[in-house]
**Q** 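Starting off with a structure, shown below.
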Amino acid sequence: MTSKTVSEGDTRWGEARAAERAARKKRRRIALASISIGLMVGLPFALGVIDGVVGNPRSAPPRQIAYASAIAILIIGAFVTWRNWRETDEMQRQLAIRTWAVIGLTSFALHPIFAIVSDLLGRTEMQNDAWLGSTAIGIAFYLTRRVRS
Amino acid sequence: MQEEVEMKNRLKVLRAERNWSQAELAGRLDVSRQAVNAIETGKYDPSLPLAFRIGRLFDMPIEEIFDDEQDGE
């Protein structure tokens with residue numbers, strides 16, 4: 001049986017290893033997120049460019065594929081959220097809850113306002129702007145709080 | 001109407017006395033470094049369980065670490 005002698009300088013080897021593992025995990029997550037976003041945004045964009053160059057836009061994919069993609073994205077999103085929730089601490093959870101509250105509250109308030117405005121302007125698509133607006137406000141709230149802490 | 005009470009704490013001093021970095025203290029408390037920083041600067045008040053963990057880590061009662069500035073009243 002062998003024994004390892006740990007010198008005074010090595011007393012933080014465990015912390016260094018944990019930090020290294022955390023950095024590796026972070027790099028892996030960033031790569032995964034980049035690839036996912038690249039596929040979700042980049043692929044349709046590239047296909048659009050090709051269609052534009054060829055001058056022959058292809059027909060829209062069947063609705064079933066769109067539904068399956070939406071369900072897959074929702075499942076992946078729920079899984080990632082659940083994993084992040086488990087790994088964060090109470091301060092980050094509180095910030096997440098507050099961010100969702102801000103998004104919900106602004107959406108609640110913006111939706112009827114935008115509905116009235118869209119009626120007055122004779123436009124019908126402004127409810128989507130309410131959704132986008134509330135999401136943007138929520139992200140701004142999250143980033144501001146994150147930087148301040 | 002109940003007014004909001006600002007909490008002060010001695011976490012930064014206690015940490016400095018032990019030569020711990022924020023990351024090291026965060027590791028011992030099982031929270032993020034950002035949480036330690038936010039508590040130290042008074043931007044976040046820890047939950048009661050976390051306050052007890054901090055008290056146990058420094059071997060001190062909670063009221064010796066956190067102060068709601070109402071002692072003189």
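Proteins get letters first, then strands, A, B, ... in listed order; numbering begins at 1 in each. Just so we're clear, the structure is a prediction, and the values are computed from it rather than from any experiment.
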**Q** Ring centres of A:Phe114 and A:Trp131 under 6.0 Å apart?
**A** no
**Q** Roughly how far, to the nearest 0.5 Å, is the CG atom of B:Leu11 from the CG atom of B:Leu25?
**A** 5.5 Å
**Q** Can you tell me how far apart CD1 (A:Ile137) and CD1 (A:Ile103) are? Round to the nearest 0.5 Å.
**A** 9.5 Å
**Q** Examine whether an atom of A:Arg145 lies under 4.5 Å from a heavy atom of chain B, and if so say whether it belongs to the side chain, the backbone or both; otherwise answer neither.
**A** neither
**Q** For each of B:Gly27, B:Ser32, B:Pro49, tally heavy-atom pairs with chain A at distances under 4.5 Å, and name the one with the top tally.
**A** B:Ser32
**Q** In terms of heavy-atom proximity below 4.5 Å to chain A, should B:Ser47 be classed as side chain, backbone, both, or neither?
**A** both
**Q** Evaluate whether atom CH2 of A:Trp85 has more than 12 neighbouring non-hydrogen atoms of other residues, nucleotides or ligands under 6.0 angstrom away.
**A** yes
